[in-house]
Undergrad: 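To start, I am sharing the structure in question, which I have written as structure tokens.
Lettering follows sequence order; numbering is per chain, from 1.
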Amino acid sequence: MIDRLPQAPHGATDTTGASVPARRYALVRALVAEIPAGRVASYGQIAAMLPGLTARQVGYALSGRRDPVPHALPWHRVVNARGAVSPHAGAADQRRRLEAEGIAFDRRDRLDWSRHRWAGPGHVWFIARGLAPDR
DNA sequence: CTGAAGGCCATCG
DNA sequence: ACGATGGCCTTCA
């Protein structure tokens with residue numbers, strides 16, 4: 001069955017009316033920071049919640065960064081659309097962390113979206129960030 | 001299943 | 001300060 005992306009503030013713009021320019025990576029991190037332990041989101045899901053972002057960019061946003069405080073950001077709670085940990089330098093660590101949070105992977109290395117998918121923050125989060133759900 | 005395209009910007013020297 | 005560099009996806013054929 002596979003998941004559906006949560007309905008996001010589709011087509012959101014910031015409160016000034018302009019489409020959100022280049023604070024995007026920061027927004028990605030801020031959003032990812034909201035994911036609670038035991039829940040996961042896909043790159044595409046995160047992207048769908050922010051205006052003008054693509055899944056790949058979300059991956060970019062979570063990569064180039066050098067963590068002053070390692071793992072201060074729960075980046076490990078973002079996986080690919082298949083529900084699997086994408087191959088990258090910290091993949092093994094990522095999977096280990098997810099399993100430590102009670103997330104299991106099947107034989108095809110995929111987790112169960114129906115059990116762990118994060119629904120996203122409430123719209124208040126977006127408002128607080130200067131983002132407005134479509135209207 | 002394989003492959004190819006799309007096309008950003010924070011970080012670092 | 002500035003240019004080069006790197007890098008965790010998704011969808012469609």
Undergrad: So, A:R97 and A:E101, do they make that salt bridge, N to O below 4.0 Å?
TA: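 Judged by the 4.0 Å cut-off on N to carboxylate O distance, A:R97 and A:E101 do not form a salt bridge.
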Undergrad: Distance only, no hydrogens: is a donor on one side chain within 3.5 Å (strictly under) of an acceptor on the other, for A:R29 and A:Y25?
TA: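 Not at all, the side chains of A:R29 and A:Y25 share no donor-acceptor pair under 3.5 Å.
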Undergrad: When rounded to the nearest 0.5 angstrom, what is the spacing between CZ in A:R115 and CZ in A:R39?
TA: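 Atom-to-atom, A:R115:CZ and A:R39:CZ are 9.0 Å apart.
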Undergrad: Please give, in whole Å, the distance from B:dT11 P to A:L73 CG?
TA: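 So the CG-P distance, A:L73 to B:dT11, works out to 12 Å.
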Undergrad: For atom P, what is the distance between C:dG7 and B:dG6, given to the nearest Å?
TA: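 Looking at atom P only, C:dG7 and B:dG6 are 23 Å apart.
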Undergrad: Whole angstrom is fine here: how far is it from NE2 in A:H88 over to C1' in C:dG7?
TA: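 Rounded to the whole Å, the gap is 11 Å.
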Undergrad: Quick one: does A:E99's side chain have a donor or acceptor within less than 3.5 Å of a partner on A:F105's backbone?
TA: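 No; zero donor-acceptor contacts below 3.5 Å.
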Undergrad: C:dG7 P sits how many Å from A:W75 CH2, rounded?
TA: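 Taking atom P of C:dG7 as the reference, CH2 of A:W75 is at 14 Å.
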Undergrad: Which whole-number value in Å describes the distance from A:L27 CG to B:dC9 P?
TA: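 So the CG-P distance, A:L27 to B:dC9, works out to 11 Å.
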Undergrad: Rounded to the Å, how far apart are A:L53 CG and B:dA10 P?
TA: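 Checked: the CG to P distance equals 11 Å.
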Undergrad: Using every non-hydrogen atom in the two residues, find where A:P121 and A:M49 come nearest and quote the distance to one decimal.
TA: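 Nearest heavy atoms, A:P121 then A:M49: CD-SD, 4.0 Å.
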Undergrad: Starting at NE2 of A:H76, measure out to CZ of A:R96 and round the result to the nearest 0.5 Å.
TA: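 Output value for this atom pair is 10.5 Å.
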Undergrad: At their closest point, which heavy atom of A:W125 faces which heavy atom of A:L50, and how far apart are they?
TA: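 Here A:W125 and A:L50 meet closest at CZ3-CD2, 4.4 Å.
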Undergrad: Output the distance between atom CG (A:L62) and atom CG (A:L73), rounded to the nearest 0.5 Å.
TA: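 These two atoms lie 6.5 Å from each other.
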Undergrad: Starting at atom CZ of A:R82, determine the distance to atom P of C:dT10, rounded to an integer number of angstrom.
TA: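 Going from CZ in A:R82 over to P in C:dT10 covers 10 Å.
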Undergrad: Dot-bracket for DNA chain B, 5' to 3', with Watson-Crick and G-U pairs under 3.5 Å, [ ] for crossing pairs and | for other-strand pairs: what is it?
TA: .|||||.||||||
Undergrad: What's A:A89 touching, base or sugar-phosphate or nothing? Going by heavy atoms closer than 4.0 Å.
TA: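 Result for A:A89 = sugar-phosphate.
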Undergrad: Shorter than 3.5 Å, N or O on both sides, protein versus nucleotides 4-8 of chain B: list them out with atom names.
TA:
| unit_1 | atom_1 | unit_2 | atom_2 | d |
| --- | --- | --- | --- | --- |
| B:dG6 | N7 | A:R56 | NH1 | 3.3 |
| B:dG6 | O6 | A:R56 | NH1 | 2.9 |
| B:dG6 | O6 | A:R56 | NH2 | 2.8 |
| B:dG6 | N1 | A:R56 | NH1 | 3.1 |
| B:dC8 | O3' | A:R24 | NH2 | 2.7 |
| B:dC8 | O2 | A:Y25 | OH | 2.9 |

Undergrad: On a whole-Å scale, what distance lies between the C1' atoms belonging to B:dG7 and C:dG6?
TA: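 One C1' to the other, the span is 14 Å.
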Undergrad: Under a 3.5 Å distance rule, please check whether A:Q45 uses its side chain to pair with a backbone N or O of A:G120 as donor and acceptor.
TA: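 No, the answer is negative, given that no donor and acceptor are paired below the 3.5 Å cut-off.
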